[in-house]
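Quick notes on the structure that follows.
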Amino acid sequence: MSLLKRRFFARPVLEVAPELIGKYLVHQVGDETLSARIVEVEAYAGPEDQASHARFGPTPRAKIMFGPAGMAYVYLIYGMYDCFNIVTGTDGEASAVLVRGVAVASRSTGSGSSPLPGKTNGPGKLCRVLGITRKHNGLDLTTGVPLGIHDRKEPPPSLTATPRIGVDYAGEWASRPWRWVEAGPR
DNA sequence: ATCCAGATGGTC
DNA sequence: ACCATCTGGATA
């Protein structure tokens, strides 16, 4: 397991997002390590992208998207759920990847390991299961502590691209195929 | 299986 | 007023 460095994230979001499928999201909480394989992501680009939080410019909430890549962007949605994003792109170029789904999550301590809900779908549930909240907003993921993205020597998964979820307000931008899912058994 | 209302609070 | 959502209950 190798920790992904800033160089990986500091590229165009449409390049980074699909490559994040199959990577591992690892969260150290106390003496426990929660890890999960990323299986679903969405790309959100700069101010032009009418589905992106960056469309209003660097507001207090979205300003993190305009900063350096490799930072966590966690926001509250619908008053009760948190959503976890990874900032991408070069500094000043706003973009981020929303992590919507993980699989083969596991919890491990010094003594042993136990499976977590083998599957999660939806960004809110994901944060719930992995214990990610707005307190993690602005965290540098490239340090790996307490949160990081790791690579693993595995064959690249095959992907399916679809429009993004829940962005019908975004006009023509809503139909762009900027959501990627690991192609799985039917 | 699908449909839908309600919860709940930050953001613009 | 509007959400990058989820749940439980109703319907079929």
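The chains referred to below are lettered A, B, ... by the order of the sequence lines, with proteins before strands, and numbering in each begins at 1.
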- Query: Heavy atoms under 4.0 Å, any strand shown: does A/Asp168 hit a base, just sugar-phosphate, or nothing?
  - Reply: nothing
- Message: Whether the side chain of A/Tyr75 engages the backbone of A/Cys83 through a donor-acceptor N/O pair (distance < 3.5 Å, no angle test) should be reported.
- Response: no
- A/Ile165 CD1 to C/dC3 P: how many Å, rounded? 16 Å
- Message: Output the rounded distance in Å from CD (A/Gln50) to P (C/dC3).
- Response: 12 Å
- Task: With A/Arg6 as the cation and A/Phe9 as the aromatic partner, state whether NZ or CZ is under 6.0 Å from the six-membered ring centre and within 45° of the axis.
- Result: no
- Taking for A/Arg134 and for A/Tyr81 the nucleotide of DNA chain B with the nearest heavy atom, the one nearer the 5' end belongs to A/Tyr81
- Roughly, in whole Å, what's the span from NZ in A/Lys125 to P in C/dT5? 12 Å
- Query: Is A/Arg179 near enough to C/dA4 that one of its side-chain N or O atoms lies under 4.0 angstrom from OP1 or OP2?
  - Reply: no
- Query: When we call it a touch if two heavy atoms are under 4.0 Å apart, what does A/Leu76 touch: a base, just sugar-phosphate, or nothing?
  - Reply: sugar-phosphate
- Watson-Crick or G-U wobble mate for B/dC4, both contacts under 3.5 Å: C/dG8
- In whole angstrom, give the distance that lies between atom CE of A/Met80 and atom P of C/dG8. 12 Å
- Message: Given A/Ser35, which partner from the list A/Ser113, A/Ser106, A/Ser108 fulfils the side chain to side chain donor-acceptor pair (under 3.5 Å) test?
- Response: A/Ser106
- Message: What is the separation between atom CG on A/Asp82 and atom P on C/dC6, rounded to the nearest whole Å?
- Response: 11 Å
- Do you know the tightest heavy-atom contact between A/Trp180 and A/Ala43? CZ3-CB, 3.8 Å
- Message: Strictly distance-based, threshold 3.5 Å: is any side-chain N or O of A/Thr90 a donor or acceptor partner for the main-chain N or O of A/Glu93?
- Response: no
- Message: Going 5' to 3' along DNA chain B, which are the first and last nucleotides with any atom under 4.0 Å from a heavy atom of chain A?
- Response: B/dA7 to B/dC12
- Message: What is the separation between atom OH on A/Tyr169 and atom P on C/dC3, rounded to the nearest whole Å?
- Response: 7 Å
- Checking A/Arg164, A/Arg176, A/Arg55 against A/Asp49 for salt bridge (charged side-chain N to carboxylate O under 4.0 Å, His left out), the one that qualifies is A/Arg164
- For the side chain to side chain contact (heavy atoms under 4.5 Å, CB included) test, which of A/Ile86, A/Ile132, A/Leu34, A/Leu141 pairs with A/Leu25? A/Ile132
- Distance from A/Ile38 atom CD1 to A/Glu19 atom CD, nearest 0.5 Å? 12.0 Å
- Query: Do any of residues 56-65 of chain A sit with a heavy atom less than 4.0 Å from DNA chain B, and if so which?
  - Reply: A/Phe56, A/Thr59, A/Pro60, A/Arg61
- Return yes if some donor-acceptor pair links the side-chain N/O of A/Ser52 with the main-chain N/O of A/Ala45 below 3.5 Å, else return no. yes
